[in-house]
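Structure, as structure tokens:
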Amino acid sequence: MLYAGRRSFGLGSALALALIGCATSEPGAEETGEWLGRVDTTEAGVVVVVNEGGGAWSTDTVLAVLEHAIGEQDGPAEYLFGDITGIAVDAERNIYVSDQIGSLVQAYGPDGSHLALVGRQGDGPGEFQFPLAPAVGPNGSLWVRDRESRVNRFVARDSDDLLVSFADSWRGPVYPQSDKPTRFDPEGRLYYPEEWGTIDLRRYFYLVYETDGEFVDTLWVPEYSNAPPSTAWYQTSERGGRMVAGLNRPPFSAEPSWDVTPAGNLVCGDGKEYTLTELNLEGDTLRRVMRAAAVLTIPEGERRDSAAALQLRKDTLPVPMSQMHGVPDDVREGRLPETLPAFLAIHSAGDGKIWVERWPLADRRDETFFDVFSADGIFLGTVVVPVALLSEPAPHIEHDAIYGVIRDEETGVERVVKYTFESPSRSQ
């Protein structure tokens with residue numbers, strides 16, 4: 001199968017077990033005993049956690065189980081999604097889903113039944129043009145960002161605990177760009193993801209706000225040399241251009257990933273090596289977390305087919321490559337990496353755990369694999385979701401549940417799925 005995205009590729013069967021790192025058995029088949037690793041501290045005070053072997057969970061690999069799915073191809077309007085942009089879950093396990101098509105935020109019960117509409121379409125307080133990234137803050141309010149630079153807050157209505165009553169709103173940054181999740185720190189301050197720069201060169205950061213919209217500080221994401229341009233494009237007029245998908249990065253290339261923890265720190269990595277770095281608001285390194293994982297070679301057939309597909313994409317451009325912008329040298333010269341990235345994405349869970357998304361197994365491409373670390377960097381084990389979750393929007397992860405979005409490849413229908421898993425005992 002040709003490379004066409006994160007999950008559209010095949011891997012040799014000899015690589016299958018290695019992709020889970022040290023979890024070399026089927027879920028529940030092996031008990032690891034105790035955590036294998038070490039914790040050191042550098043002279044600069046940086047805590048270094050080296051995960052050399054099995055996890056601290058008594059069962060190294062856990063399979064999540066589908067509890068329910070929300071969304072239909074045909075049916076009532078409240079179950080039809082167009083472009084899901086975020087998921088939030090409150091203390092009562094009610095589910096809030098933002099949909100960019102239709103400018104809607106819907107509320108569902110823990111069982112997936114529709115309960116209410118949150119806000120309405122419009123450009124005023126409590127209204128949405130392009131809602132995204134709903135999140136429940138430490139104060140129990142529901143916050144919803146809008147691409148039109150507004151942040152709306154909703155609280156529980158009088159009749160129950162559902163967060164659908166409009167409370168207040170404030171103006172966010174001008175021309176917000178990022179679709180990453182909204183995060184909060186222990187003081188309840190809101191971390192608003194943003195990016196800035198030219199179309200070829202971007203900087204990523206979080207704007208920190210008090211709950212009344214007062215700007216506090218900026219949490220910067222490190223500059224990574226392997227960060228791809230935001231898009232490839234060519235100029236069509238003096239002031240206009242056209243974007244071209246698929247040429248801003250070579251197939252199989254590693255990309256940086258990051259998220260904000262409930263402590264208000266940034267956890268990040270370049271994706272090339274299995275190393276996570278935790279930074280505070282001042283940019284100081286607090287912790288490095290490493291995990292032993294095999295370096296996996298991309299099968300030659302996969303690389304050859306993907307290189308041919310990339311060349312065909314370039315050959316069919318309406319302009320010469322010399323007129324293209326935002327195209328890395330590796331893409332221009334047709335160079336593909338020889339090894340797979342160490343990981344795909346970093347996700348922060350509400351309980352402080354860090355979930356690192358891995359490449360799927362060769363014979364299980366329609367599944368999603370997560371390595372799970374405690375807040376202090378101890379590798380706990382691997383959780384497998386038996387479905388391919390979309391990377392955007394990012395999954396919402398609770399103590400024992402994963403909420404994500406799936407899309408039917410044939411119909412394009414999107415659904416919100418809830419998977420639960422039983423956290424094994426920690427043997428450390």
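What's counted below: heavy atoms across the whole structure, side chains too, no hydrogens, waters or symmetry copies. Here, residue 1 is the first one in the sequence, and each next residue gets the next number. All figures in this text were calculated on a predicted structure; none of them were measured in a lab.
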Hey, what's the ring geometry for Phe421 with Trp57, parallel, tilted or perpendicular (30° and 60° as the breaks)? tilted
Could you point out which residue of Asp376, Asn51, Thr275, Val48 forms a side chain to side chain contact (heavy atoms under 4.5 Å, CB included) with Val289? Asn51
With ring centroids as reference points, do Tyr191 and Trp143 lie under 6.0 angstrom apart? no
Is there a donor-acceptor pair closer than 3.5 Å between any side-chain N or O of Asp400 and the backbone N or O of Thr420? no
Do Phe154 and Val144 pass the side-chain contact (heavy atoms from CB on, under 4.5 Å) test, and can you show the C-alpha distance, the side-chain angles, and the key distance before you say yes or no? CA-CA 8 Å; Phe154 298 85; Val144 184; 4.3 Å; yes
Is it true that Thr182 and Arg145 share a donor-acceptor pair across their side chains at a distance under 3.5 Å? yes
Should the heavy atoms of other residues, nucleotides or ligands under 6.0 Å from CD of Glu422 be counted, would the total exceed 12? no
Would one find more than 12 heavy atoms of other residues, nucleotides or ligands at under 6.0 Å from atom CZ of Arg313? yes
So, Thr41 side chain and Gly45 main chain: donor-acceptor pair closer than 3.5 Å or not? no
Do the side chain of Ser306 and the main chain of Glu302 share a donor and acceptor less than 3.5 angstrom apart? yes
With no hydrogens and no angle check, is any side-chain donor or acceptor of Asp99 less than 3.5 Å from a backbone partner on Gly82? yes
Greater than 12 external heavy atoms within 6.0 Å of Glu273's CD: no
Does any donor atom in the side chain of Arg202 or Ser230 lie under 3.5 Å from an acceptor atom in the other side chain? no
Does a side-chain heavy-atom distance below 4.5 Å link Cys268 with Pro222? yes
When you compare the side chain of Met324 with that of Val244, does any pair of heavy atoms fall below 4.5 Å? yes
Under 4.0 Å between a Lys/Arg side-chain N and an Asp/Glu carboxylate O for Asp160 and Arg157? yes
Heavy-atom donor-acceptor pair, Lys418 side chain to Ala401 backbone, under 3.5 Å: no
For the pair Arg303 (side chain) and Leu336 (backbone), establish whether a donor and an acceptor sit closer than 3.5 Å, ignoring hydrogens and angles. yes
Does the structure place the NZ or CZ of Arg203 under 6.0 Å from the centre of the six-membered ring of Trp196, at an angle of no more than 45° from the ring's axis? no
Determine whether a donor-acceptor pair (N or O, by modelled atom type, separation under 3.5 Å) exists between the side chain of Asn152 and the backbone of Gly126. yes
Is Arg415 close to Val405 at the side-chain level, that is, under 4.5 Å between some pair of heavy atoms? no
Can you find a side-chain donor-acceptor pair between Gln129 and Asp146 that sits under 3.5 Å? no
Glu187, CD: over 12 other non-hydrogen atoms inside 6.0 angstrom: yes
Kindly state whether the ring of Tyr204 and the ring of Trp258 have centres lying under 6.0 angstrom apart. yes
Criterion salt bridge (Lys or Arg N to Asp or Glu O under 4.0 Å) on Arg38 and Asp40, from CA distance to verdict: CA-CA 7 Å; Arg38 68 180 191 274; Asp40 302 318; 3.2 Å; yes
Could you label the plane-to-plane angle of the Phe370 and His347 rings as parallel, tilted or perpendicular, counting under 30° as parallel and over 60° as perpendicular? perpendicular
Test item: side-chain donor near acceptor, Thr382 and Thr61, under 3.5 Å: no
Is NZ or CZ of Arg358 both nearer than 6.0 Å to the six-membered ring centre of Phe369 and within 45° of the ring axis? no
Would you say the side-chain atoms of Glu414 pair up with the backbone N or O of Ile84, donor to acceptor, closer than 3.5 Å? yes
For the aromatic rings, using the six-membered ring if either is Trp, is the centroid distance between Tyr209 and Trp170 under 6.0 Å? yes
Determine whether Lys272 and Ser253 satisfy the following criterion, side-chain contact (heavy atoms from CB on, under 4.5 Å), listing intermediate values before the conclusion. CA-CA 8 Å; Lys272 295 187 294 185; Ser253 61; over 6 Å; no
Kindly indicate, with the supporting measurements, whether the criterion salt bridge (Lys or Arg N to Asp or Glu O under 4.0 Å) is fulfilled by Arg153 and Asp212. CA-CA 10 Å; Arg153 184 171 72 95; Asp212 61 0; over 6 Å; no
For the residue pair Arg171 and Ser149, confirm or rule out a side-chain donor-acceptor distance under 3.5 Å. no
Do Val260 and Phe184 make a side-chain contact, defined as non-hydrogen atoms from C-beta onward lying under 4.5 Å apart? no
Closer than 4.0 angstrom, basic N to acidic O: yes or no for Arg150 and Asp168? no
